[in-house]
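Atoms considered below: every heavy atom in the structure, side chains included; atoms not considered: hydrogens, waters and symmetry mates. Just so you know, these numbers come straight off a predicted model, no measurement behind them.
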Amino acid sequence: MSEYSQFALLRQRRFLPYFAVQALGAFNDNVYRQAIIALLFFMGVSPEERSLYTNLAPALFILPYFLFSATAGQIAEKLEKSRLIRITTAMEIAIMSLAAIGFLTQNMIVLLVALFCTGLQSTLFGPVKYSILPSVLKPEELTGGNGLVEMGTSISILCGMIFGGLIFALAGNQGPVVAATAIVLLAVAGNLVARRIPPVEAGAPDLRINWNPLPESLAIWKLTRKQVAVRNAILGVSWFWFVGTVLTAQLPTYAEVNLGGAQELYIFALALFSIGVGAGSLLCEKLSGRTVEIGLVPLGAFGVSAFMLDLYFARPGAALAAGVSVRDFVGLAGSARIMLDLTGIGLFTGFFVVPLFALIQSRTPKAELSRVIAGMNIQNAAFIVAAAGIGIALQRLLGWSIPQVFLALAIANALVAIWIFTIVPEFLMRFLSWLLVRTLYRLELHGIEKHVPDEGAALIVCNHVSYMDALILAATIPRPVRFVMYYRIFNIPVMRWIFRTAKAIPIASPKEDAALMQRAFDAIDAALAEGELVCIFPEGALTRDGDIAPFKSGVEKILARRPVPVVPMALRGMWASMWSRRSVSAAGGRLGRMRVPRRFRARVGVAAAAPLDGSAVDAATLEARVRALRGDEA
């Protein structure tokens with residue numbers, strides 16, 4: 001696992017054509033929009049007319065998301081996904097052909113109509129863009145796949161803006177012809193690549209489409225709210241669009257007024273932000289250990305606020321000089337801090353949004369995912385419009401400077417993040433567990449991707465070495481896990497909040513609390529009936545000498561009631577850790593006086609074996625499998 005790279009997906013047909021199609025689409029959209037701006041300068045229209053366009057164009061592009069997202073979500077649910085992508089890319093050829101006529105005739109009405117149609121095409125493509133990933137990627141690949149998509153989208157937008165803005169500067173009088181040719185060729189290329197996408201089954205082929213957008217919009221909005229974690233992940237994605245819209249909308253004026261440059265410096269600032277987003281998106285897989293690690297979301301949220309706050313202090317007033325080129329700006333005092341802040345905002349934005357997309361995809365039923373994505377797109381559009389309106393109001397009505405807008409955005413982002421993490425503590429719980437595990441240990445994983453089932457119920461059995469075992473397993477298994485743990489461990493201060501938030505199941509011996517034991521067995525059976533993963537430690541207590549104690553019969557009772565597949569797992573190298581009974585004994589038997597481990601970030605192994613038939617195994621067989629997995633290393 002440590003040798004795996006998410007870039008391996010770019011060599012596989014199940015992912016590469018799709019990745020290329022969405023990147024080409026984002027590139028072409030931005031070539032088109034920037035080329036229209038360049039055409040306005042080429043035609044010599046007045047600043048008032050240019051201002052009218054810059055305000056009208058985003059509204060025309062975003063309007064279809066409100067009007068047609070509900071219908072788009074249903075179509076994406078009903079149709080085979082590669083077919084739908086071919087249809088939308090064929091639409092792009094027709095739309096860009098219309099736009100080409102607009103360029104050649106220099107007709108703004110035609111170009112604006114085509115822009116509205118581009119928004120419609122993006123509305124239809126949006127639900128399938130993200131709902132296809134769980135169908136072509138394994139659960140452990142979702143974070144890496146989403147990271148590549150976000151990186152590709154961010155860089156494509158940046159490159160499209162640069163290319164579209166340079167067309168008329170480089171082509172001169174032939175600019176309209178070059179622009180028309182470029183957008184049509186890019187659309188054709190997207191459709192040709194789309195034909196290489198393998199078939200991907202429809203989420204709900206028998207779905208009856210409701211063509212009335214109003215009741216259907218309400219219906220898909222309700223779908224987005226079925227699960228609390230998904231609902232608030234969608235809220236987080238929408239907030240990401242709000243923050244990104246406010247930030248990027250200010251960059252052109254910020255580059256001119258506060259940095260002393262113009263178009264060239266604006267593109268440079270946008271490039272720093274975009275590169276940061278791409279880098280953060282790609283780093284998510286490494287930091288998460290190839291799981292859907294929503295613990296990165298709080299890290300991303302507070303990182304964005306920290307860098308945005310510093311951006312305010314880095315340049316709170318106007319620039320001291322005008323006409324500054326990129327080369328001049330890089331050499332000026334204080335510029336390195338601004339460049340670091342812009343890149344850092346993008347970097348932590350990647351940490352914030354990629355795990356949210358992966359969570360939405362992993363926890364939404366496949367038969368509903370396209371409609372949930374469509375509902376998210378409606379909400380995203382509302383947040384984008386609100387961001388544009390608030391940004392204008394803060395500057396025009398209240399007279400705030402752009403650095404003051406950044407300061408307000410940094411504070412608002414932190415407050416919104418705290419609110420989300422308060423109502424869904426799972427985000428903060430995962431962050432704390434991720435921080436503990438990644439700080440204390442270097443994990444070496446063996447067989448987990450291969451043997452832990454991607455979906456459906458399964459019982460995981462593992463040896464029990466330390467108080468950290470559940471957190472380590474949660475950090476290495478790609479799916480959410482319900483842990484069964486001794487109630488005294490469950491009730492450890494601070495850790496109790498983490499375990500309860502993770503829906504761990506406390507258990508006691510019949511001598512200690514027979515009623516609690518029965519409730520635990522009922523909760524285990526209910527979780528397995530819902531298709532969840534449940535992990536138990538059949539020894540019944542932490543090892544006292546580093547060896548594996550005999551497995552108790554509780555595992556047989558669980559399987560007699562519901563014979564699901566059983567995945568043997570083993571922890572290696574934990575006996576010498578500061579959270580094992582060996583350390584407790586060395587500290588005088590008190591949990592509060594742990595000794596520091598001999599090696600900081602010690603190597604810990606987690607291994608899994610092939611699932612066993614739950615109707616044909618007993619405790620002794622499972623104990624032997626776990627012993628073989630652990631080997632001689634405790």
Side-chain angles (χ1 to χ4, degrees), residues 445-448 450-453 456-470 472-473 476-477 481-490 504-514 516-529 532-575 580-582 604-634:
L445 311 183
H446 307 277
I448 293 175
K450 181 178 180 182
H451 298 310
V452 175
L459 186 68
I460 295 172
V461 296
C462 187
N463 58 318
H464 203 7
V465 189
S466 78
Y467 294 98
M468 289 288 289
D469 292 352
I472 289 173
L473 292 175
T476 57
I477 296 173
V481 183
R482 299 284 301 276
F483 288 93
V484 182
M485 57 179 58
Y486 184 48
Y487 77 103
R488 293 188 184 275
I489 297 179
F490 182 90
I505 302 171
I507 194 169
S509 69
K511 292 182 180 179
E512 292 175 296
D513 192 332
L516 178 60
M517 185 185 74
Q518 185 58 48
R519 288 198 300 271
F521 278 108
D522 291 341
I524 292 168
D525 187 68
L528 294 173
E532 296 182 89
L533 292 180
V534 176
C535 178
I536 66 170
F537 301 100
E539 295 166 88
L542 295 179
T543 177
R544 294 181 177 276
D545 56 8
D547 195 12
I548 296 178
F551 280 14
K552 296 185 177 181
S553 60
V555 63
E556 296 174 353
K557 295 179 181 178
I558 293 170
L559 294 173
R561 190 170 174 179
R562 193 170 298 276
V564 298
V566 186
V567 181
M569 294 186 68
L571 289 162
R572 305 169 180 168
M574 285 297 295
W575 177 238
S580 66
R581 284 192 181 274
R582 174 180 174 181
V604 171
V606 185
L612 302 174
D613 183 355
S615 63
V617 297
D618 55 20
T621 302
L622 293 172
E623 179 189 335
R625 288 296 180 97
V626 174
R627 284 183 178 275
L629 271 178
R630 190 197 64 163
D632 295 328
E633 186 180 1

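From Leu533, atom CG reaches atom CZ of Arg482 across 11.0 Å, with rounding to the nearest 0.5 Å. Going from atom CD1 of Ile536 over to atom CZ of Phe483 covers 12.0 Å, rounded to the nearest 0.5 Å. With rounding to the nearest 0.5 Å, the separation of CZ in Arg627 from CD1 in Ile548 is 5.0 Å. Rounded to the nearest 0.5 angstrom, Phe490 CZ and Ile507 CD1 are separated by 12.5 Å. Arg488 CZ to Tyr467 OH: the interatomic distance, rounded to the nearest 0.5 Å, is 10.5 Å. Rounded to the nearest 0.5 Å, atoms CZ (Arg519) and CD1 (Ile524) are 13.0 Å apart.
Inter-residue side-chain proximity for His464 and Met574 is flagged as unmet; no heavy-atom pair is nearer than 4.5 Å. Between Met569 and Val606 the shortest side-chain heavy-atom distance falls below 4.5 Å. With contacts defined as side-chain heavy-atom distances shorter than 4.5 Å, the pair Leu612/Leu622 qualifies. Using a 4.5 Å heavy-atom cutoff, the side chains of Pro510 and Met517 are in contact.
Smallest separation of non-hydrogen atoms from Ala520 and Pro506: CB-O, 3.4 Å. Closest approach of Val564 and Ala457 over heavy atoms only: CG1-CB, 4.0 Å. Between Met485 and Ala470, the shortest heavy-atom contact is CE-CB, 3.8 Å. Taking both residues in full, the closest heavy atoms of Leu571 and Arg630 are given as O-CG, 3.7 Å, listed atom of the first, atom of the second, then distance. Residue Glu539 comes nearest to Asp547 through the heavy atom pair OE1-O, 3.9 Å, listed as atom of the first residue, atom of the second, then distance. Taking both residues in full, the closest heavy atoms of Phe537 and Asn463 are given as CD2-O, 3.6 Å, listed atom of the first, atom of the second, then distance.
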Q | Step-by-step side-chain contact (heavy atoms from CB on, under 4.5 Å) determination, Tyr487 to Leu516 | A | CA-CA 9 Å; Tyr487 77 103; Leu516 178 60; 3.9 Å; yes
Q: Step by step, work out the side-chain contact (heavy atoms from CB on, under 4.5 Å) result for His446 and Arg572.
A: CA-CA 11 Å; His446 307 277; Arg572 305 169 180 168; 3.7 Å; yes
Q: Give the C-alpha distance, both sets of side-chain angles, the deciding distance and a yes or no for side-chain contact (heavy atoms from CB on, under 4.5 Å) between Val461 and Val567.
A: CA-CA 6 Å; Val461 296; Val567 181; over 6 Å; no
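Within 6.0 Å of CZ on Arg625 lie no more than 12 heavy atoms contributed by other residues, nucleotides or ligands.
Counting only residues at least two apart or in different chains, side chain to side chain donor-acceptor pair (under 3.5 Å) contacts with residues 610-620 comprise Asp613-Ser615, Asp618-Thr621.
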Side-chain donor-acceptor distances from residues 553-561 under 3.5 Å, at least two apart:
unit_1: Glu556; atom_1: OE2; unit_2: Ala619; atom_2: N; d: 2.9
unit_1: Arg561; atom_1: NH1; unit_2: Asp522; atom_2: OD1; d: 3.0
unit_1: Arg561; atom_1: NH2; unit_2: Asp522; atom_2: OD1; d: 3.1

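With Asp469 contributing its side chain and Val465 its backbone, the two residues share a donor-acceptor pair below 3.5 Å.
None of Ile477, Leu473, Leu459 except one satisfies the side-chain contact (heavy atoms from CB on, under 4.5 Å) rule with Cys535; the exception is Leu473.
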